[in-house]
Amino acid sequence: MTIQLHDTMTGAARELVPLEPGHVRIYSCGPTVYGPAHVGNFRSFLFADLLVRYLRYAGLRVTWVMNITDVDDKIIKGAGAEGVSIAEISKRYREGFLQDGRTLGMTVPDVMPRATEHIPQMVELIGRLLERGNAYRTDDGSIFFRIASWPEYGRLARLDPEGMRVGERVEADDYGKDDVRDFAVWKGPRADEPSWETAIGPGRPGWHIECSAMSMAYLGPSFDIHTGGVDLIFPHHQDEIAQSEAATGQTFVAYWLHCAHLQMGGQKMSKSLGNIDRVGDVLGRGISPRALRLALVSAHYRAPLSFGEDSLAAASSAVDRLDALFAALAAYRNDCPDDATLPALLDGTRAAFEAALDDDLNISPALAAVFELVRELNRRIDARQLSTADAGRATDFLRGLDRVLGIAPVAEETLDAELQKLLDDRAAARAGSDWSASDRLRTVLAGRGILVEDTRDGQRWRRA
RNA sequence: GGCGACGUACCCAAGUGGUUAAGGGGGAGGUCUGCAAAACCUCUAUUCAGCGGUUCGAAUCCGCUCGUCGCCUCCA
């Protein structure tokens, strides 16, 4: 099995060949913790999560680093507005981010470095750029990367540096740079801003430098995969490449993977447009975390994904369908020979699932394979074709695939005693054909979030 | 203006040269069932934005037109 990934730098997909055999090193641009992340942000984090999950599923060792930007203009502004420290602001939203990530079943990255804890690494990197003549100081103590010293600049985004010259869209120069296209790697000290005393002078880091310094600190000067949203291609990732490669002389990243935007109302979800939804907002409307996760990962990562009440409702129904199957398999009992055709069915599903994900994480056909299996298993349950052991095999198989997807219900062998008592009472009532008691208990259980369904093997339950 | 992506059923979304155009959701019938739920079955695109071209053959390749979105600026 060979995994193909689409690299933004070349514009084409090619086989993933880790620099170190069997070990894939990945850096993902994480959140700037100045406010709660919205679900559009989480689309890109869950895309990276899917990548990591699939590579691990495929047997590869993965080291996944995701940074936390905890010092930047917006955090400073937010702290000033509230009259608290940037540490307090960033702690609040870092914890919120971690909580939302847990809610959505996001794999915890192996390392989550914070910018404020890696100032020395950034200073060292900037020092090298100064020595090599790729960066220069301005009067206020800021340090800029000199675009003109890096001929490859613009290649990642296919932008012509000449065409960017002094357009209306190029930001006004407020730090006195030589060329308006140059970007800050270090910002000189200002009275109302946090500042670090360092070998290159006092000040604070520019945004781009942290990702170069922290990725290289944990993954080395050259690593396999760097992920982020398409909006980071330029200038953020282009700047990372320039400053990293200028400093090391080595190829920074082998594969650049970028996730398209989540769309709401026909436009990209973004704070500035105001069309945002946060994890808490969506959950507050009664959508389950797994349905939200499915809604965010269900389309190919490089395609814009429509998000809204319709997509959430569709995802909720799909998750319910999966839950119903898990419940049916758990309750199924049939003392008969094993279904001789089951192994081929499962093997075929696995092959289709893996072939799809091998193809640049093409999740749609992978999900189609899963749901075709769902229908086929339901058929066999209805036909009493499976043995009790087969039902267990099917469950284990689905859980195996779900290591990648993360949308299956949490395995729950036992219920708490009170709920179990209600179920037992209802089973007893049914045994005596006491339908009114049976119906009443079903309503009581529904009120506790337990859906009960009756089958020829007795009642079965699942979480609402 | 420059660069790039895209336009497939009621909605979301696969398919990128060749059997009946995946899958999910929704809708309409039906089966099963004490009721309910779930499930299963049938139907819901002779057609892939439009026009023209290449080809024995195109949703898939080429050209043009229309439309949408993104990046070029903080942004996942």
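A note on names: the letters A, B, ... follow the listed sequences, proteins ahead of strands, and every chain is numbered from 1. Just so you know, these numbers come straight off a predicted model, no measurement behind them. When reading the values below, keep in mind they use all heavy atoms of this one structure, side chains included, and skip hydrogens, waters and symmetry mates.
Among the heavy atoms of the strands lying under 4.0 Å from A:Gly266 are primed sugar atoms or P, OP1, OP2 only; no base atom is included. Within the nucleic acid shown, A:Gly40 comes within 4.0 Å of at least one base atom, counting heavy atoms only. Across all strands shown, A:Ile381 has no heavy atoms under 4.0 Å from either base or sugar-phosphate atoms. Within the nucleic acid shown, A:Ala260 comes within 4.0 Å of at least one base atom, counting heavy atoms only. Counting non-hydrogen atoms under 4.0 angstrom, A:Lys74 reaches a base of the nucleic acid. A:Leu232 comes within contact range of the sugar-phosphate backbone alone, with a heavy-atom separation under 4.0 Å but no base atom that close.
Using modelled atom types and a 3.5 Å distance limit, the side chains of A:His258 and A:His237 yield a donor-acceptor pair.
Here the P atom of nucleotide B:rC3 and the CD atom of A:Gln238 are 18 Å apart, to the nearest Å. Rounded to an integer number of Å, the gap from OH of A:Tyr34 to C1' of B:rC74 is 8 Å. Atom CZ in A:Arg380 sits roughly 12 Å away from atom P in B:rC41 (whole-Å rounding). Between the CG atom of A:Leu367 and the P atom of B:rG25 there is a distance of 12 Å, given to the nearest Å. A:Asp7 has its CG atom 16 Å from the P atom of B:rG4, to the nearest Å. Atom C1' of nucleotide B:rC74 and atom CD of A:Glu210 are separated by 14 Å, given to the nearest angstrom. Atoms CG (A:Leu159) and P (B:rC3) sit 11 Å apart, rounded to a whole Å. For A:Gln263 and B:rU68, the CD to C1' distance is 9 Å, given to the nearest whole Å.
Applying the salt bridge (Lys or Arg N to Asp or Glu O under 4.0 Å) test to pairs two or more places apart or on separate chains, those with a residue in residues 307-317 of chain A are A:Arg285-A:Glu309. Listed by first and then second residue, the side-chain hydrogen bond (donor to acceptor under 3.5 Å, both in side chains) pairs involving residues 260-273 of chain A are A:Asp231-A:His261, A:Ser270-A:Ser272 (not counting sequence neighbours). Here salt bridge (Lys or Arg N to Asp or Glu O under 4.0 Å) pairs that include residues 312-324 of chain A, with residues two or more places apart or in two chains, are A:Arg290-A:Asp323. Sorted by first and then second residue, the pairs that involve residues 291-301 of chain A and meet salt bridge (Lys or Arg N to Asp or Glu O under 4.0 Å), not counting sequence neighbours, are A:Asp49-A:Arg293. Pairs of residues two or more places apart, or lying in two chains, never qualify as ring-ring contact (aromatic ring centres under 6.0 Å, His included) while including a residue from residues 302-333 of chain A.
For the P atom pair drawn from B:rG67 and B:rG30, the interatomic distance equals 46 Å after rounding to whole Å. When the P atom is used for both B:rU60 and B:rG24, the distance is 26 Å, rounded to whole Å. Straight-line distance between the P atoms of B:rC32 and B:rC41: roughly 16 Å, to the nearest whole Å. When the P atom is used for both B:rC12 and B:rU8, the distance is 8 Å, rounded to whole Å. Rounded to whole Å, the P atom of B:rA76 lies 12 Å from the corresponding atom of B:rC71. Comparing B:rC69 with B:rG27, their C1' atoms sit 30 Å apart, to the nearest whole Å. Separation of the C1' atoms belonging to B:rG57 and B:rU16 is 15 Å when rounded to the nearest angstrom. The C1' atoms of B:rC10 and B:rG18 are separated by 31 Å, rounded to the nearest whole Å.
For the pair A:Lys268 and B:rC71, the criterion of a side-chain N or O lying under 4.0 Å from OP1 or OP2 is met.
If you find the closest nucleotide of RNA chain B to A:Val230 and to A:Glu376, the one lying nearer the 5' end belongs to A:Glu376.
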Contact pattern, 5' to 3', of nucleotides 26-39 of chain B - B, S or - by protein heavy atom under 4.0 Å: S-------BBBBSB
Sugar-phosphate or base contact per nucleotide [nucleotides 7-15 of chain B; S, B, -; heavy atom under 4.0 Å]: ----SSSSS
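Contacts with RNA chain B (heavy atom under 4.0 Å) in residues 96-107 of chain A: none are found.
Stacking of A:Arg14 on the aromatic ring of A:Tyr255 is recorded, both the 6.0 Å distance cut-off and the 45° axial limit being met.
Between A:His118 and A:Tyr218, the ring centre distance stays below 6.0 Å. In summary, the aromatic rings of A:Phe252 and A:Phe223 are positioned with their centroids under 6.0 Å apart.
For A:Arg393 against A:Ser387, the heavy-atom pair with the smallest separation is NH1-OG, 4.3 Å.
For A:Leu415, the side chain to side chain contact (heavy atoms under 4.5 Å, CB included) partners are A:Glu412, A:Leu419, A:Gln420, A:Leu423, A:Ile450, A:Trp461, A:Arg463, not counting sequence neighbours. Partners of A:Leu346 according to the side chain to side chain contact (heavy atoms under 4.5 Å, CB included) rule, which considers only residues two or more places apart in sequence or in another chain, are A:Leu342, A:Leu373, A:Phe397. With sequence neighbours left out, A:Val108 forms a side chain to side chain contact (heavy atoms under 4.5 Å, CB included) with no residue at all.
Every stem involving RNA chain B, taken as at least 3 paired positions in a row under the Watson-Crick or G-U wobble test at 3.5 Å, is listed here: B:1-7 with B:66-72, B:10-12 with B:23-25, B:26-31 with B:39-44, B:49-53 with B:61-65.
Between A:Phe183 and A:Tyr153, the ring planes are parallel. Angles under 30° get that label, and only those over 60° would be called perpendicular.
Look at A:Arg462 and A:Glu453 and you find a salt bridge, because one of the NZ, NE, NH1 or NH2 atoms lies within 4.0 Å of a carboxylate O, short of that distance.
Checking side-chain atoms of A:Asp454 against main-chain N and O of A:Gln459 turns up no donor-acceptor pair under 3.5 Å.
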